[in-house]
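Each chain gets a letter, A, B and so on, in the order the sequences are listed, and its residues count up from 1. For the numbers below, each heavy atom of this structure counts, side chains included, while hydrogens, waters and symmetry mates do not. For clarity, every value in this text was computed on a predicted model and none was experimentally measured.
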Amino acid sequence: MEYKVKIDAFEGPLDLLLHLIKKLEIDIYDIPVAEITDQYLDFIHHMQKIELNIASEYLLMAATLIAMKSRMLLPKPELDDEDGDEPYEDPEMAREALMQQLIDYRQFKEAAETLKINEGERMQLFAKTPSDLSSFENNDLTSIPVSGRATVHDMLRAFQRLMLKKKLEQPLSTKIDRQILPIGHQMNKVMNELKRADHPLSFQSIFSYPDRTHFIVTFLALLELMKMNAVICRQSDNFDDILINLGEGADEFEASEDPFDY
Amino acid sequence: MNLKPAKIHSIIEGLLYLTGEEGLTLDQIGKVLPECTGQEITNLVEQMRKDYEENDESGLMIVDQPNGFRLTTKPFMADYAEKFAVIPKTAPLSQAALETVAIIAYKQPVSRIAIEEIRGVKSERALQTLMVKGLIKEVGRAEGSGRAILYGITPVFLDYFGLHDLSELPPLSEMMKHQNEQMDAYDLFYDHYKETINDL
Amino acid sequence: MNLKPAKIHSIIEGLLYLTGEEGLTLDQIGKVLPECTGQEITNLVEQMRKDYEENDESGLMIVDQPNGFRLTTKPFMADYAEKFAVIPKTAPLSQAALETVAIIAYKQPVSRIAIEEIRGVKSERALQTLMVKGLIKEVGRAEGSGRAILYGITPVFLDYFGLHDLSELPPLSEMMKHQNEQMDAYDLFYDHYKETINDL
């Protein structure tokens, strides 16, 4: 059997079993334990060969399948033996239980597919952020009874949602965190952008990458450029965006300066 | 009522604009327009829904949400909307989260252990994601010594998947033959199986 | 141009709705609809402006702003907006306001730019709302030429959230740690596997 399907397509051992059942065109109501066990182990073995630290759930299922397969090879003991330490475990029952588990799981997997379609349709629809009606509202928040107020929990959840959203939007951010970002490099970048744009740029626009390290380094680069008179920053009013323009020292700025010289 | 239908129409449109993604509930419209009955409002909104839908010149449509509606752009607008950075794009749910929320929707109230039994894998992360997104909530505690947290879906779930109520979920393809029971052993498969044996 | 006027009309309406109070510049429309000339767009918007104005069923209108326009509610709507605003809300603070006040509580003194950097969206309105409600105040100015206003929380904040002092907020480091655990993007197992696959 070839392993063209990548493992990250699977949600766990049940999902993998369902895949094997489908691929081998097995009747889920009559699972050939020996065959499915061999195929499953083959798959797991293949994963081990690439030195993958297999998740315990996959191994547990492997053990379960092996136990079932070996019991099927043994003759059924006398009924008297049920008085022993361990009751006899009928492999037929185990097979039924596995079948039921697979059928149950498959139903929810299908339901998840339907939900995914719904989600996709819903994500095509956009709405504006609500207008700020606070000028009409009662502004004395403390007059709101405690039961009607937002709680610390609401606030923390809002914050966590924000962080989660940001994280999901930037799957690569952890890798970039570890990169060395020299200040000189950012200075060159800001100057190049200003020269190319040929008009003042907004403070926000130069912080294009929403990452903490990037933000700090870019900010330091900007301060350094201001010190050199290479750029001038202006803000006309409170809340207004700060505009960055080339300064008198811009022509003297050496783009080829060693980026690690800071 | 004193207001003309056209006027009421315009007021609702204005409110739908102001509330944007938060939307409006029928209740809220009723409070702003006390002279209208709920039926009148519902009829008018239905008319508006049709008008938007049939109007090729409009990029807007009315979408239902729990107990109300909101104004959104039509699906074809997605390409254009995404060109604007001001529109935050949310990441779709992972397969793990989708399976988990599906189980909760069909079997609520349900514990983490029961979910993991069905999925065959740990589902803690998926549960946390769903909690943060507000799609599920804690609805109680299981009886017994474990007192496991039980999860259920929220109105946000319905809204997120564009459903009016849970009855719109497609029926599960097969009847669940086993009642979902609380099991706290690690080897769920064997427990299940031993129970079957003991019942003989 | 390939798009029909009705289609362009609907796209502009959709974008006007999405951008709300911020509005659209002619430039922005031009970027989304590169096949249209500025003149065509201007003519269409003029037509839309007239349509809204003459349509008694619409509560919306188009107003000019520098280099562009925005959609807003008609003046008569003010009364109804007011009626709507005084309806007690289940969530008296918006998601935007909650996010912003959380950032301020944890990072004070903090500038608007720093808040926007974290949130990824403009936060002027949220700040104004919080100021008006007395939850935050100006606590100083940043060093340097920008001299940005720095914000901090007020005693009203503590009172409103039922805190005795800020030390009762859970430490941010813990929250971030917790938050990382909530990442569901993929199971570590799969991430690991994919890396291995890529290395082959």
Rounded to the nearest 0.5 Å, how far apart are [atom1] of [X] and [atom2] of [Y]?
{"X": "A:Glu11", "Y": "B:Ser94", "atom1": "CD", "atom2": "OG", "value": "6.5 Å"}
{"X": "B:Ile103", "Y": "A:Lys109", "atom1": "CD1", "atom2": "NZ", "value": "12.0 Å"}
{"X": "A:Asn118", "Y": "B:Glu168", "atom1": "CG", "atom2": "CD", "value": "9.0 Å"}
{"X": "B:Leu163", "Y": "A:Thr114", "atom1": "CG", "atom2": "OG1", "value": "10.0 Å"}
{"X": "A:Phe108", "Y": "B:Leu172", "atom1": "CZ", "atom2": "CG", "value": "5.0 Å"}

Can you name the nearest heavy-atom pair linking [X] to [Y], along with the distance?
{"X": "A:Ala112", "Y": "B:Ala102", "result": "N-CB, 4.1 Å"}
{"X": "A:Leu125", "Y": "B:Lys74", "result": "CD2-C, 4.3 Å"}
{"X": "A:Glu57", "Y": "B:Gly120", "result": "CG-O, 3.5 Å"}
{"X": "A:Gly12", "Y": "B:Val121", "result": "CA-CG1, 3.4 Å"}

Can you tell which part of [X] gets under 4.5 Å to a heavy atom of chain A, answering side chain, backbone, both or neither?
{"X": "B:Leu60", "result": "neither"}
{"X": "B:Tyr17", "result": "both"}
{"X": "B:Pro75", "result": "both"}
{"X": "B:Thr73", "result": "both"}
{"X": "B:Leu18", "result": "both"}

Flag the pair [X] / [Y] as yes when at least one side-chain heavy-atom distance between them is below 4.5 Å, and no otherwise.
{"X": "B:Tyr106", "Y": "A:Gln107", "answer": "no"}
{"X": "A:Leu14", "Y": "B:Ile118", "answer": "no"}
{"X": "B:Tyr160", "Y": "A:Met123", "answer": "yes"}

>> Using a 3.5 Å distance criterion without hydrogens, assess whether the side chain of A:Glu119 forms a donor-acceptor pair with backbone atoms of B:Leu93.
In response: yes
> A:Glu113 versus chain B, heavy atoms under 4.5 Å apart: side chain, backbone, both or neither?
Replying inline: side chain
> Taking A:Tyr105 as the fixed residue, which of B:Glu117, B:Glu99, B:Arg119 is the one that meets the side-chain hydrogen bond (donor to acceptor under 3.5 Å, both in side chains) rule?
Replying inline: B:Glu99
> With the threshold set at 4.0 Å, does a side-chain nitrogen-carboxylate oxygen contact exist between A:Arg122 and B:Asp159?
Replying inline: yes
